[in-house]
Amino acid sequence: MDSGHLDWPFFEERHRELAARVNAWAGEHLRHSDGDVDAQCRALVKQLGQAGWLRHAVAGTAHGGAGEAIDTRAVCLLRETLAWHHGLADFAFAMQGLGSGAISLHGSPEQRERYLPRVARGEAIAAFALSEPNAGSDVAAMSSVAEASADAYLINGEKTWISNGGIADFYVLFARTGEAAGSRGISAFIVDAGTPGLEIAERIAVIAPHPLARLRLTDCRVPKSQLLGAPGQGFKIAMQTLDIFRTSVAAAALGFARRALHEALQRVTTREMFGQRLADFQLTQAKLAQMATTLDGAALLTYRAAWQRDQGRNVTREAAMAKLAATEGAQQVIDAAVQLFGGSGVVSGATVERLYREIRALRIYEGTSEIQKIVIARHLLKESR
Ligand SMILES: Cc1cc2nc3c(=O)[nH]c(=O)nc-3n(C[C@H](O)[C@H](O)[C@H](O)COP(=O)(O)OP(=O)(O)OC[C@H]3O[C@@H](n4cnc5c(N)ncnc54)[C@H](O)[C@@H]3O)c2cc1C
């Protein structure tokens with residue numbers, strides 16, 4: 001993978017070294033296959049765990065993490081590189097982080113000890129269950145309810161679009177506990193797969209296949225020890241988790257877009273037409289220039305957000321800008337690559353065709369582009385007061 005951006009001042013030597021190592025590993029070990037996605041994801045989680053990459057998805061060296069806190073730049077470089085090589089490997093890595101992020105940030109010592117080492121070794125698959133059929137962008141409209149009794153919560157409701165739904169070993173799941181109205185009355189729980197009352201109501205097939213499901217919870221009894229953080233803190237916990245992983249969605253988009261530019265460069269320098277190479281036409285050069293500029297702009301925003309979070313600063317606005325610019329930009333870059341390939345760009349199984357499908361959902365999940373714009377504008381207006 002092209003690694004010119006690793007010279008930027010956002011990175012330390014350990015980041016450059018990590019990016020080079022994962023790039024070499026991915027080139028050697030990751031191969032695309034048409035097999036069952038569940039089996040592929042399970043195998044990828046194991047493979048990523050055994051190779052040590054999942055250590056970067058969890059916090060705390062005592063619990064198998066690479067450091068005491070999640071290093072956002074490391075997570076982003078891993079995602080960018082994995083996405084360049086293999087979309088499903090990036091997905092498997094990302095979900096281990098997103099699904100366990102709330103435990104890294106807010107888990108009790110017992111919860112960390114019970115879940116994080118297995119996540120880091122690739123022995124337990126994690127999922128993040130926030131969205132509901134009537135609460136996607138409007139998370140605070142969630143209607144799943146967790147009712148407290150002496151020693152447990154009884155959860156009822158539905159969660160949908162849950163990545164790893166069906167193959168996860170546990171779900172970090174959000175439900176209304178009613179301490180206050182709206183977003184302040186939501187709590188976070190760790191619900192183990194196999195808990196009676198938790199069922200996979202539907203598997204959902206999407207354009208870039210990965211395990212995805214709708215969950216139904218019917219009188220699902222979860223011990224109080226599985227409450228994550230304090231009651232009523234669930235929304236805050238979800239948003240803090242997203243602050244890390246939203247930036248990493250931007251990084252994955254960069255990986256897909258960089259791969260598309262790489263493929264396009266190979267194509268235009270070898271495709272002959274009208275007595276010269278496709279690359280020799282100025283119309284082609286304009287496209288390539290636009291692709292590279294869009295990519296660098298998105299990469300600067302992404303690694304600014306990652307670096308800023310690693311300084312311990314709030315990044316809600318910066319992460320939103322990174323996700324917006326990188327996912328929208330990557331869609332344009334990949335579309336331009338498909339166009340440069342002509343007919344062979346839309347053939348099933350072609351690399352740019354795969355990238356074209358893979359990028360689409362990134363503009364939707366972990367907050368749509370429209371929601372990112374709302375977040376950015378809200379910050380601007382608040383600061384101008
Ligand atoms: C492949 C995939 C994987 C996912 N994985 C997970 C997961 O693991 N865990 C999880 O909890 N969720 C997951 N999601 C859910 C995802 O986060 C939601 O799909 C997303 O937040 C949008 O919610 P929605 O689908 O209900 O769309 P809606 O909220 O119904 O949005 C529809 C449209 O309305 C727009 N819109 C929303 N608000 C406004 C506004 N104020 N003004 C103007 N337009 C607006 C949106 O931008 C969008 O274009 C996943 C989704 C997908 C597609």
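Start at 1 and go down the list; that is how both ligands and their atoms are numbered. Along the sequence shown, the residues carry numbers beginning at 1.
Few gaps surround CG on D138; more than 12 heavy atoms of other groups in view lie less than 6.0 Å from it. Within a 6.0 Å radius of CZ in R14, more than 12 heavy atoms belonging to other residues, nucleotides or ligands are found. The environment of CG in L283 is sparse: at most 12 heavy-atom neighbours from other residues, nucleotides or ligands sit within 6.0 Å. The neighbour count for R184 CZ, taken as heavy atoms of other residues, nucleotides or ligands under 6.0 Å away, does not exceed 12. Within 6.0 Å of the CG atom in D36, the count of heavy atoms belonging to other residues, nucleotides or ligands exceeds 12. Atom CH2 of W307 is surrounded by more than 12 heavy atoms from other residues, nucleotides or ligands within 6.0 Å. In this structure, Q339 places its CD atom where only 12 or fewer heavy-atom neighbours from other residues, nucleotides or ligands lie under 6.0 Å away. The environment of CD in Q282 is sparse: at most 12 heavy-atom neighbours from other residues, nucleotides or ligands sit within 6.0 Å.
Remark: K159 fails to qualify as a cation-pi partner of Y171 under the 6.0 Å distance and 45° angle criteria applied to the six-membered ring. For the pair R258 and W84, the cation-pi test (distance below 6.0 Å, angle within 45°) is failed.
In terms of protein heavy atoms, atom 12 (N) of ligand 1 is closest to S131 OG, 2.7 Å. The single protein non-hydrogen atom nearest to atom 26 (O) of ligand 1 is G136 CA, 3.3 Å, given as residue, atom name and distance. When hydrogens are left out, the protein atom nearest atom 30 (O) of ligand 1 is S137 OG, 5.0 Å; that is the closest non-hydrogen contact. Counting protein heavy atoms only, atom 2 (C) of ligand 1 is closest to Y365 CD2, 3.5 Å. The protein heavy atom nearest to atom 3 (C) of ligand 1 is S163 OG, 3.4 Å. Among all non-hydrogen protein atoms, the one lying nearest atom 49 (O) of ligand 1 is E370 OE1, 3.6 Å.
Near F128, the atoms of ligand 1 lying under 4.0 angstrom from a non-hydrogen atom of the residue are 7 (C), 8 (O), 9 (N), 10 (C), 11 (O). Annotation for ligand 1: atoms under 4.0 Å from non-hydrogen atoms of E366 are 17 (O). Every atom of ligand 1 is numbered from 1 in the order shown, and the set under 4.0 Å from a heavy atom of I364 is 19 (O), 20 (C). Proximity to I371 (heavy-atom distance under 4.0 Å) selects the following atoms of ligand 1: 38 (N). Heavy-atom contacts of T368 reach the following atoms of ligand 1: 22 (C), 46 (C), 47 (O) (cutoff under 4.0 Å).
Inside a 4.0 Å radius of atom 6 (C) of ligand 1 there is at least one protein heavy atom. Protein heavy atoms are found less than 4.0 angstrom from atom 46 (C) of ligand 1. Distances from atom 28 (P) of ligand 1 to the protein include at least one heavy-atom value under 4.0 Å. Within a 4.0 Å radius of atom 35 (C) of ligand 1, the protein has no heavy atom.
Here's the thing with D138: none of its N/O atoms is less than 3.5 angstrom from an N/O atom of ligand 1. The distance criterion of under 3.5 Å between nitrogen or oxygen atoms is not met by H210 with respect to ligand 1. Annotation: T160 places no N or O atom under 3.5 Å from an N or O atom of ligand 1; distance criterion only. The shortest N/O to N/O separation between P133 and ligand 1 does not fall below 3.5 Å.
Aromatic rings of F128 and F174 (six-membered ring for Trp) have centroids within the 6.0 Å cut-off, being under it.
No option in W8, F10, F11 other than F11 meets the ring-ring contact (aromatic ring centres under 6.0 Å, His included) test with Y303.
Within the 4.0 Å heavy-atom cutoff, I374 counts among the residues contacting ligand 1.
Distances from atom 25 (O) of ligand 1 to the heavy atoms of F91, W161, F174 put W161 nearest.
Counting heavy atoms under 4.0 Å from ligand 1, residue L212 touches it through the side chain alone.
Side-chain contact between C41 and L88 is present, with heavy atoms from C-beta onward closer than 4.5 Å.
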